Structure formats: structure tokens, C-alpha cells
Amino acid sequence: MKFLDFFLGLFKRRKIGPLSVSPVGLAVFCLFVAAAIAISKGVYDDKEIQAHIYAALNYARPIAEQARLMQEKTGKWPASLADIEAAKAKAPPQIGRTHLLRDGEVRVVFANPPAISNASLRLKVTVRGNEHYFECSAEGAFKGALPSFCRPGAEPGRLTWPPGAAK
């Protein structure tokens with residue numbers, strides 16, 4: 001009977017200061033609060049990483065577009081970032097390095113936040129028929145924060161061409 005009395009006593013309301021609560025109810029409530037905090041922290045971290053990714057895309061996309069436009073006008077890809085006007089803009093603080101690769105592909109490497117440091121995005125404007133597309137691929141651990149068009153196997157985003165025509 002002592003064990004049964006002890007077990008049933010766990011569910012008995014007790015006076016704790018101005019409150020009258022059950023110890024088990026209080027423990028369950030605390031577990032729910034802890035779970036909510038753990039889940040919301042993960043979501044907040046993913047949203048922060050996603051904001052950094054979008055800032056990098058907004059910086060690198062005009063560079064990739066101007067590289068493609070230069071190739072279409074001159075028949076040659078730019079030799080370096082110095083040949084592209086958009087590359088002269090100040091890079092966001094989360095970008096550590098920007099590289100112009102073969103065929104006008106732009107690679108941005110993240111310096112911050114620590115969760116994605118040294119991860120990179122590759123961006124390229126390609127032509128399919130008369131349409132221009134923005135292709136994006138990622139290297140590194142982005143923890144599911146990538147935009148849908150940067151995920152493996154995703155369709156590239158369609159662009160208005162030439163750049164600036166939509167403005």
C-alpha cells in the first residue's frame with residue numbers, strides 16, 4: 001500500500017505558494033515548454049541561415065547575369081571579376097570570397113555564420129533555346145535552409161532577359 005499511496009500522492013494537488021498544482025502536471029508542463037523552446041531555436045537558426053543565403057544570392061546573381069550578357073555580346077566569358085561591373089559592389093559581410101569560374105559560373109564562399117562557414121553556392125545563367133535560366137547549386141551543410149531552386153534536382157529559375165528588362 002505504501003507504493004500505491006506514494007504513486008497516487010504524485011497526482012495530488014499541493015499548495016506551492018499561491019498556486020495549487022500537481023507535481024506531475026508541473027513536470028509535464030515544464031517538458032512541453034522545453035520542447036517548444038528547442039524547436040523554436042532550430043527554426044530561428046534555419047531562418048537566420050536562410051537570410052544569409054538570400055543576401056549572398058542577391059549579391060551574386062547580377063554578377064552571373066553580367067557574365068552571361070558579356071559572353072553573348074563579345075563571344076567570350078569575362079576573364080576575372082574585375083571585368084564585371086556588378087562585382088565592384090561591396091559584398092555582404094557573410095561572404096568570405098567570390099570566384100569567377102569557367103563559363104561564367106560564380107562561386108561565393110561563406111565566412112559567417114559559423115554553421116555554414118566554408119560552404120559555397122555556385123550560380124550560373126544558362127540558355128535553353130531562347131530562354132535564360134538561373135542555376136544554383138550548393139556545396140556544404142546548409143541544414144535544409146536552401147531555397148527550393150538551389151536544392152539538388154530542382155528546376156532552375158527562369159530569368160527575364162536581358163538583365164534589367166523587368167525594371
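All values derive from a computational prediction rather than experimental measurement.
- Considering only heavy atoms from C-beta on, Trp77 stays 4.5 Å or farther from Arg102 through its side chain.
- The two residues Arg107 and Ser120 make their nearest non-hydrogen contact at NE-OG, 3.3 Å.
- Taking the side chain as every heavy atom from C-beta outward, Leu123 and Phe134 approach each other to under 4.5 Å.
- Applying the salt bridge (Lys or Arg N to Asp or Glu O under 4.0 Å) definition to pairs two or more places apart or across chains, those involving residues 66-86 are Glu85-Lys88.
- With sequence neighbours left out, His52 forms a ring pair (Phe, Tyr, Trp, His ring centres under 6.0 Å) with no residue at all.
- When every heavy atom of Pro113 is checked against every heavy atom of Ile49, the shortest pair comes out as CG-CG1, 4.3 Å.
- To the nearest 0.5 angstrom, Ile116 atom CD1 is 8.0 Å from Leu121 atom CG.
- Cys136 places a side-chain heavy atom less than 4.5 Å from the side chain of Leu57.
- Here the side chains of Val125 and Glu135 are not in contact, with every heavy-atom distance at 4.5 Å or above.
- In plain terms, the two heavy atoms of Arg128 and Tyr133 that are nearest each other are CB-CE1, 3.7 Å.
- Remark: the backbone N or O of Ala86 is paired with a side-chain donor or acceptor of Gln66 at under 3.5 angstrom.
- Connection of Ile63 to Val127 is not established within any shared hydrophobic cluster, with ILVMFWY side chains joined at heavy-atom distances below 4.5 Å, either directly or through further cluster members.
- Proximity of Val106 to Leu101: side-chain heavy atoms (C-beta onward) are nowhere separated by under 4.5 Å.
- Using a 4.5 Å heavy-atom threshold, the side chains of Val109 and Ile95 count as separate.
- Residues Phe110 and Ser117 are not in side-chain contact: their nearest non-hydrogen atoms beyond the backbone lie 4.5 Å or more apart.
- Here Arg61 pairs with Glu65 under the salt bridge (charged side-chain N to carboxylate O under 4.0 Å, His left out) rule; sequence neighbours left out.
- For the pair Pro78 and Leu100, the minimum side-chain heavy-atom distance is below 4.5 Å.
- To the nearest 0.5 Å, atom CZ of residue Arg97 and atom CG of residue Leu81 are 13.0 Å apart.
- By the neighbour-count criterion of 12 heavy atoms within 6.0 Å, atom CZ of Phe29 is sparsely surrounded, having that number or fewer from other residues, nucleotides or ligands.
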